[in-house]
Amino acid sequence: MCRTWWKESVIYQIYPRSFFDTTGNGMGDLMGIQKKVAYIKNLGVDMVWLCPVYESPNDDNGYDISDYTKIMDEFGGDAAFDELLRELHANGLKLMMDVVFNHSSDEHHWFQESRKSKDNKYRDYYFWKEGKEGGPPNNWTSFFGGNVWKYDDLTKEYYLHLFTEKQPDLNWENPKVREELKNVLEFWLKKGVDGFRMDVISLISKQLHFPDAESQDFKEIITSYYSNGPRIHEFLKELNHDVLSKYDIVTVGEGPGIDIKNGPLYVEEDRDELNMVFHFDHMFIDAGPGGKYDPLDFDFVRFKQVFNDWDEKLHQKGWGSIFLGNHDFSRMVSRFGNDTIYRTESAKLLAMLLLTLRGTVYIYQGDEIGMTNVAFPTIEDYNDVETLNNWKEAKAKGEDMTEFLKIVHRQSRDNARTPMQWNNTLNAGFSIGTPWLKLNKNYEEINVENALNDETSILNFYKEMIAFRKHNLCLVYGDYECLDVENKQVFAYRRYDANDAFLILLNFSDNSISWHHEFVVKDYTLVKSNLKNSASNFDLKPWQAKLFRKI
Ligand code: ISL
């Protein structure tokens with residue numbers, strides 16, 4: 001395994017709108033991130049991933065871009081970006097941009113032109129089709145509800161949008177589109193950015209005959225119809241060859257429909273496509289046939305199996321990305337931990353999991369202080385387009401909306417988007433204006449200032465674990481072996497190389513347990529735990545995490 005900076009990196013994901021507001025308009029901005037560079041640096045991370053900051057009408061909070069080379073004014077505009085990049089670099093931090101190339105905004109001038117007439121030179125930048133039997137060209141449903149085809153009266157044709165109707169899909173079949181997007185990458189690379197996260201990159205190549213979907217299961221529809229289209233790898237190789245390979249950068253492709261079979265094809269080193277992918281096998285583990293708003297119980301053994309399978313598949317020629325939360329999912333401590341009586345313990349346990357697996361580690365803002373899900377009392381308090389569309393659909397179907405609100409509490413993307421909790425003053429110190437999304441009321445207790453002042457805080461545990469990983473490259477590159485896979489309570493694994501060996505025991509439950517295995521306690525010495533005064537044995541209290549080194 002050859003050493004590479006991005007394999008050893010810990011990446012901190014920022015959702016700018018919710019990070020820190022310096023202008024008082026209730027929305028975070030780039031100047032706010034700049035003010036917090038010292039905080040980020042102090043965590044010990046190497047790189048910042050910025051969710052989209054470009055010009056956008058914000059139908060999907062920036063994932064609908066109307067100008068790929070301009071920074072949104074509300075975030076501080078181009079000058080604020082240049083300043084932030086300079087400040088990050090001056091502090092030895094790298095920057096990863098989020099590029100949304102599967103679709104643009106309908107307010108992008110390419111689409112504005114494309115709509116105008118069938119012979120407009122931008123027409124083929126998007127997918128336009130005639131209807132079928134008085135309806136849309138096929139029966140596909142959008143990620144955010146409703147049919148994926150929107151009728152446009154002007155030219156009496158439908159255009160494709162896999163997400164909202166304000167996010168028309170770009171036509172990668174058109175070489176001009178590919179050239180435009182390569183120029184966008186070059187534009188940011190020339191400014192000095194250090195990498196890209198590529199939004200829904202698995203969807204860019206379409207099945208051009210647009211067959212009707214013959215399944216009711218949304219996961220199955222994504223895999224069989226929307227993702228991994230016939231030219232996906234050709235398109236990625238072209239991007240790599242023409243642009244990416246010329247720079248010392250990192251790339252991570254996000255992708256619904258990326259699974260254990262096709263995932264390696266995106267990232268194996270000799271294929272020259274991407275460095276890593278974000279797959280969702282663990283993140284959609286509790287999604288039923290209807291998607292995440294049709295939730296299932298959490299299957300812990302399956303959860304472990306996902307990490308095992310991916311490690312096994314990628315370890316020779318590829319590289320994984322390790323994450324448990326982002327701006328699209330509920331808070332990780334509320335999902336995988338216990339966010340009530342064991343919040344601190346379980347948040348630290350999850351930190352230990354993240355920072356002892358093989359792969360590049362991604363930490364989402366606020367998880368380092370154990371921020372939790374929020375339960376707003378009414379749907380009017382929610383902002384996320386996915387949440388609101390699912391609500392409308394459920395209502396139209398006559399579902400019990402009191403029950404549905406409980407699903408919203410559990411699954412809404414707004415759980416992860418409430419403003420960052422800096423201190424216990426007005427609006428958690430996030431903004432002096434009215435925040436664009438309400439805060440989680442628990443900010444009086446859960447906030448950065450408290451965490452910095454408490455040496456036993458979740459934040460300080462993250463710092464310790466990040467530093468420990470950096471000093472023990474065995475935790476980055478060493479082999480991974482899961483032990484006792486069928487155990488319904490404990491995630492147990494070894495990391496080892498020629499010089500070192502670690503044993504990690506994580507009790508994912510509210511009950512104590514004595515872990516039994518052929519390993520002998522006296523061969524191991526305890527080096528880290530999330531509880532004070534932990535004994536160097538295999539007994540685990542509720543949500544206890546222990547990391548041992550082999551003597
Ligand atoms: O958010 C999801 C589940 O709640 C996913 O289905 C998500 O829509 C999918 O993973 C794609 O996410 C990315 O592209 C979307 C954007 O809304 C997300 O924020 C982004 O991460 C469309 O650009």
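Each ligand, and each atom within it, is numbered from 1 in the order the structure gives.
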Option from K182, R178, K237 for which salt bridge (Lys or Arg N to Asp or Glu O under 4.0 Å) with D242 holds
K182
Is the F143 ring parallel, tilted or perpendicular to the F218 ring (thresholds 30°, 60°)?
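It falls in the perpendicular class, over 60°.
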Criterion side chain to side chain donor-acceptor pair (under 3.5 Å) against Q13, the qualifying member of H327, R197, Q365
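Of all the options given, the one that passes is H327.
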Ring of F280, cation from K219 - is the NZ or CZ under 6.0 Å from the centre and inside 45° of the axis?
no
May I have a table of the N/O to N/O pairs between ligand 1 and the protein that fall below 3.5 Å, each row giving the two atom names and the distance to 0.1 Å?
unit_1, atom_1, unit_2, atom_2, d
ligand 1, 1 (O), R413, NH1, 3.3
ligand 1, 4 (O), K292, NZ, 2.5
ligand 1, 4 (O), E386, OE1, 3.0
ligand 1, 4 (O), E386, OE2, 2.8
ligand 1, 10 (O), E254, OE2, 3.0
ligand 1, 12 (O), E254, OE2, 3.1
ligand 1, 12 (O), D328, OD2, 3.3
ligand 1, 14 (O), D199, OD1, 2.9
ligand 1, 14 (O), D199, OD2, 3.1
ligand 1, 17 (O), D60, OD1, 3.3
ligand 1, 17 (O), D60, OD2, 2.5
ligand 1, 17 (O), R413, NH1, 3.0
ligand 1, 19 (O), H327, NE2, 3.0
ligand 1, 19 (O), D328, OD1, 2.7
ligand 1, 19 (O), R413, NH1, 3.4
ligand 1, 21 (O), R197, NH2, 3.0
ligand 1, 21 (O), H327, NE2, 2.9
ligand 1, 21 (O), D328, OD2, 2.5
ligand 1, 23 (O), H103, NE2, 2.9
ligand 1, 23 (O), D199, OD2, 2.8

Whether the S202 and Y266 side chains hold a donor-acceptor pair (N or O, under 3.5 Å, no angle test) is what I'd like checked.
no
Only one of W128, F127, Y158 clears ring pair (Phe, Tyr, Trp, His ring centres under 6.0 Å) with F210; which?
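It is F127, the one option of W128, F127, Y158 that forms the ring pair (Phe, Tyr, Trp, His ring centres under 6.0 Å) with F210.
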